[in-house]
Number of protein chains: 2
Amino acid sequence: MNDSETTTRPAAHFSLALLHAAQNVGDRLEGALNELGLSMAKQSALTQLAEAGEPLTLSELASRLSCVRSNITQLVDRLEGDGLVRRVDDPQDRRSVRAELTQVGMEKQRAGARAMASVQDELSKLLSGTDMSALENALEAFG
Amino acid sequence: MNDSETTTRPAAHFSLALLHAAQNVGDRLEGALNELGLSMAKQSALTQLAEAGEPLTLSELASRLSCVRSNITQLVDRLEGDGLVRRVDDPQDRRSVRAELTQVGMEKQRAGARAMASVQDELSKLLSGTDMSALENALEAFG
DNA sequence: CCTGTATTATACATACATGAACGACTCGGA
DNA sequence: TCCGAGTCGTTCATGTATGTATAATACAGG
C-alpha cells in the first residue's frame, strides 16, 4: 500500500546526497567566478589552456574537458567574444583550429583560480579533518 | 561539461573531486533513465508530484525542485508533450496552474524510481560499508 | 594519382538552467 | 470602490550540455 518504496527512498541514498552536495559546491564556485565575469565552463577551459602552456586544438580541449566537440565550438565562441582566447590556424593540419589564451585570458584564469581556491578554503571549514579525509577516500571510488 | 582538474594544482581538492564524482553518478542515473525516455529533471518532477499525491502549482513544484519558475514552465511543457502530466486550472486562484500526473505518468515515475534504485545498488558496491557511512556523514556538512 | 575512410570544426535541433520583463490575477488597505 | 503591491505563469535572451549531419581536409592503399 505504500508507494514510498518507489517514490521515496529516504535514507539510503548517498547518490542523491552526493548530487545535492555537488550542486551546493558548484553553486558557490559558480557564484565566485561570476563576479569575475567567468563561469565554471569558461574557467575550466582557460585552465586547461594555461596548464597546457600552448594552444590546443578544439578536439584536444573537448577531450580534456570530457565533453563533445560541438560544445567546445560554442564555448570558444563565447571566450573569443570575451577576448580571453583567440582561434589560430594550425599549420600542420588545416582541418584543425587551435585555441590560444590572450594576455587578458591568462590573467583571468589566474584570478579565477584564486577565487576558486578561496571558496575551497571556506568550504573546507565545514568539514572536520577526519570527515574530509573520509570524503576524499570515498570519492576516489568513483574515479 | 565536467571536469576534473581545474585549478593550478588540484590534486588535494575535495570540492573538485566531489564535482567529478557527482558527474559520474549523475551520468549513470541519467543513462538508466534515458532508456525509459526520462531524464533526471523529468523524473524529479514526476516524483515530487507522486509524493505530493495531488496536483501542485508550478510555483510549488519549482520550490520543491529548487529551481526558478521559468524552468518549470518548460519542463512541464515537455512532460505534457510526453503525456506524463497535464496542466489543470486551479479554481481557488485563477493565476495558478497545477500539474497533475496522468496514469502513464504515475507508471513512468515508478519505473524511473526502480531504475534509479538499481543504479544505486550497483554504485554502492563500489564502496565499503565504512566508506559509505563516512561519505554520508561528510556530505551532510553541505546540507 | 585516385579513392575510401577517418577526423576536424561547425551548424542545427534539442534539453535544461538562469534571470528579466510582462500580462493576468489576488488582496489589503485608502 | 479603487489602487498599489505582490504573486502567478509565460516569454524571451542567454549559457551550457548533448547528438546528428555536413563540408573540408588528411591519409592509407590500390
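So you know, we letter chains A, B, ... as the sequences are listed, proteins then strands, and number each from 1. FYI, side chains are in, hydrogens and waters are out, and symmetry mates aren't considered; it's all heavy atoms of this structure.
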Undergrad: Give every residue pair that meets the salt bridge (Lys or Arg N to Asp or Glu O under 4.0 Å) criterion with at least one member in residues 52-63 of chain A, sequence neighbours excluded.
TA: Glu60(A)-Arg64(A)
Undergrad: If we only count heavy atoms from C-beta on, is the Pro55(A) to Leu49(A) side-chain gap below 4.5 Å?
TA: no
Undergrad: Just how far, in rounded Å, is C1' of dT18(D) from CG of Leu65(A)?
TA: 15 Å
Undergrad: Output the rounded distance in Å from CD (Glu80(B)) to P (dT10(D)).
TA: 9 Å
Undergrad: Could you check how far CG of Asp82(A) sits from P of dT14(D), rounded to whole Å?
TA: 14 Å
Undergrad: Rounded to the nearest angstrom, tell me the gap between atom CG in Asp90(A) and atom C1' in dT7(C).
TA: 13 Å
Undergrad: Report which part of the nucleic acid Thr73(B) touches: base, sugar-phosphate, or nothing (heavy-atom distance under 4.0 Å, all strands).
TA: base
Undergrad: May I have the distance from Asp89(A) (atom CG) to dT8(C) (atom P), rounded to whole angstrom?
TA: 16 Å
Undergrad: My understanding is that only residues two or more places apart in sequence, or in another chain, count here; which of them pass side chain to side chain contact (heavy atoms under 4.5 Å, CB included) with Arg78(A)?
TA: Lys42(A), Gln74(A), Leu75(A)
Undergrad: Quick one: do Arg28(A) and Glu122(A) satisfy salt bridge (Lys or Arg N to Asp or Glu O under 4.0 Å)? Show the steps, please.
TA: CA-CA 10 Å; Arg28(A) 294 182 78 150; Glu122(A) 197 183 316; 2.4 Å; yes
Undergrad: Check whether any side-chain nitrogen or oxygen of Ser96(A) sits under 4.0 Å from OP1 or OP2 of dT7(C), and answer yes or no.
TA: no
Undergrad: Of Asp93(B), Asp89(B), Asp90(B), which is the lone residue that meets salt bridge (Lys or Arg N to Asp or Glu O under 4.0 Å) with Arg98(B)?
TA: Asp90(B)
Undergrad: Got a list of protein N/O to nucleotides 16-26 of chain C N/O distances below 3.5 Å?
TA:
{"residue": "dC16(C)", "atom": "OP1", "partner": "Ser39(B)", "partner atom": "OG", "Å": "2.4"}
{"residue": "dC16(C)", "atom": "OP2", "partner": "Arg78(B)", "partner atom": "NE", "Å": "2.2"}
{"residue": "dC16(C)", "atom": "OP2", "partner": "Arg78(B)", "partner atom": "NH2", "Å": "3.0"}
{"residue": "dC16(C)", "atom": "O5'", "partner": "Arg78(B)", "partner atom": "NH2", "Å": "3.4"}
{"residue": "dA17(C)", "atom": "OP2", "partner": "Asn71(B)", "partner atom": "ND2", "Å": "3.4"}
{"residue": "dA17(C)", "atom": "O5'", "partner": "Asn71(B)", "partner atom": "ND2", "Å": "3.1"}
{"residue": "dT18(C)", "atom": "OP2", "partner": "Val68(B)", "partner atom": "N", "Å": "3.0"}
{"residue": "dT18(C)", "atom": "O4", "partner": "Gln74(B)", "partner atom": "NE2", "Å": "3.4"}
{"residue": "dG19(C)", "atom": "N7", "partner": "Ser70(B)", "partner atom": "OG", "Å": "3.4"}
{"residue": "dG19(C)", "atom": "O6", "partner": "Ser70(B)", "partner atom": "OG", "Å": "2.8"}
{"residue": "dT26(C)", "atom": "OP1", "partner": "Arg94(B)", "partner atom": "N", "Å": "3.3"}

Undergrad: Between Arg86(B) and Glu80(B), does any NZ, NE, NH1 or NH2 come within less than 4.0 Å of an OD or OE carboxylate oxygen?
TA: no
Undergrad: Compare side-chain N and O positions of Arg87(A) against OP1 and OP2 of dT8(C) and report whether any pair is under 4.0 Å apart.
TA: no
Undergrad: Just how far, in rounded Å, is P of dG9(D) from CZ of Arg98(B)?
TA: 9 Å
Undergrad: Round to the nearest Å and state the distance from Leu56(B) atom CG to dG9(D) atom P.
TA: 11 Å
Undergrad: In this structure, how many angstroms lie between the C1' atom of dA15(C) and the CG atom of Asp27(B), rounded?
TA: 15 Å
Undergrad: With a 4.5 Å cut-off on side-chain heavy-atom distances among I, L, V, M, F, W and Y, is there a chain of contacts connecting Val88(B) to Val76(B)?
TA: no
